[in-house]
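First comes the structure, then the notes that go with it.
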Amino acid sequence: MSVLIVIPARYASSRYPGKPLVTLRGASGDAKSLIRRSWDAACAVKGVDKVVVATDDTRIAQASESFGAQVVMTSTACQNGTERCAETLDNLGEDYDIIVNLQGDAPLTPAWFIEDLVHGLRDNPNADVATPVLRTEGRALNGLLQDRREGRVGGTTAVFGADRNALYFSKEVIPYTGQVFADHDETPVFHHVGVYAYRPKALAAYAQWDAGPLEQLEGLEQLRFLERGVPMLCVEVAAKGRQFWELNNPEDVPRIEAMLAEMGQE
């Protein structure tokens, strides 16, 4: 099956304007932009036919082209990354069996997360959309809870049924647990990894639907599928000693830089 990775990136973020161009220092002290780190993460994935950056902003386009990325310009009307992926596929005029949306705010996404996601969708012919979930250890869960206590919108959590299809996603920490976990304790909470894999028909359908009330309340694009009754397969991925965190707020920059340093990533 042919695979396209799209990295949707926009400048006008309400929570963090200009986020794709924010620089992050790695273990060596070298600073790279968020969009560059996301591009590097995508290019490390095996079995991919093409990687493109999709944006509506010339600043992001120029920054991406400066390090050799292929850029697809999309309209400012796109409400989220999934809509931008759908428009990108139309603009390319090429056929792919699976389109991966690697959102440009997750530079710590390991290649095997995406490889496992693609394999999960390939192995489930009844699934048209899939997304990775990562069981949290206490350290990550405590970080999510701290964000909520301090009024920050942090990472997203997911709950799913026995069939591995998503029941709900939320920026609140779900399911509730009153238990206190040490840093390396396994917890019952799953961190949603902001990556999606779609079959073309699901992506095309999504672009024709209006956002529903849950999507608007949570600000989570994947809820449009659930509100329309489209199952979303949750593929559990393994951290393998890697830390994972998205860049949602300015306060996440030092947190991610500390993780890069701790893991020895340049």
Task: Transitive ILVMFWY side-chain link L102 to L134, under 4.5 Å - done: yes
Open item on the list: Please list all pairs meeting salt bridge (Lys or Arg N to Asp or Glu O under 4.0 Å) that have one or both residues in residues 67-79, counting only residues at least two apart or in different chains.
Closed with: none
Task: Residue among N101, I99, L203 satisfying side-chain contact (heavy atoms from CB on, under 4.5 Å) with V6 - done: I99
Task: Salt bridge flag under 4.0 Å for residues E218 and K171 - done: no
Task: Qualifying residues under side chain to side chain donor-acceptor pair (under 3.5 Å), relative to D163, sequence neighbours excluded - done: N165
Task: Chi angles and distances behind the side-chain contact (heavy atoms from CB on, under 4.5 Å) call for L141, T187 - done: CA-CA 8 Å; L141 175 57; T187 85; 3.9 Å; yes
Open item on the list: Applying a strict under-4.5 Å side-chain criterion to I, L, V, M, F, W and Y, I'd like to know whether L121 and L4 cluster together.
Closed with: no
Task: Partner set under ring pair (Phe, Tyr, Trp, His ring centres under 6.0 Å) for F181, not counting sequence neighbours - done: none
Open item on the list: Within the supplied structure, the quantity of interest is the number of heavy atoms (other residues, nucleotides, ligands) at a distance under 6.0 Å from D210 CG; does it exceed 12?
Closed with: no
Task: Polar side chain donor-acceptor pair, N80 to Y206, under 3.5 angstrom - done: yes
Open item on the list: Just by distance, no angles: are the side chains of T74 and E87 close enough, under 3.5 Å, to form a donor-acceptor pair?
Closed with: no
Open item on the list: Checking H191 against E246: is there a side-chain donor and acceptor pair closer than 3.5 Å?
Closed with: yes
Less than 3.5 Å apart, which donor and acceptor atoms pair up between the side chains of residues 228-243 and the rest of the protein, not counting sequence neighbours?
| unit_1 | atom_1 | unit_2 | atom_2 | d |
| --- | --- | --- | --- | --- |
| E236 | OE1 | R164 | NH2 | 3.1 |
| R242 | NE | Q265 | OE1 | 3.2 |
| R242 | NH2 | L108 | O | 3.4 |
| R242 | NH2 | Q265 | OE1 | 3.4 |
| Q243 | OE1 | R139 | NH2 | 3.3 |
| Q243 | NE2 | E262 | OE1 | 3.4 |
| Q243 | NE2 | E262 | OE2 | 3.3 |

TODO: Would you mind listing every salt bridge (Lys or Arg N to Asp or Glu O under 4.0 Å) that reaches into residues 52-73, with sequence neighbours excluded?
DONE: D56-R84, D57-R59
Open item on the list: Salt bridge check, R255 against D147: does any charged N sit closer than 4.0 Å to a carboxylate O?
Closed with: yes
TODO: Calculate, to the nearest 0.5 Å, the distance between atoms CG and CG belonging to D183 and N142 respectively.
DONE: 6.5 Å
Task: Sequence neighbours excluded - salt bridge (Lys or Arg N to Asp or Glu O under 4.0 Å) pairs with any residue from residues 89-102 - done: K50-E94
Open item on the list: Count I, L, V, M, F, W, Y as connected when their side-chain heavy atoms are under 4.5 Å apart, and connections chain through other members. Are V189 and L167 then in the same cluster?
Closed with: no
- [ ] Considering non-hydrogen atoms only, spot the tightest contact between N249 and R152 and give its length.
- [x] ND2-CB, 4.1 Å
Open item on the list: Could you check whether R37 pairs with D40 (Lys NZ or Arg NE/NH1/NH2 to Asp/Glu carboxylate O, under 4.0 Å)?
Closed with: no
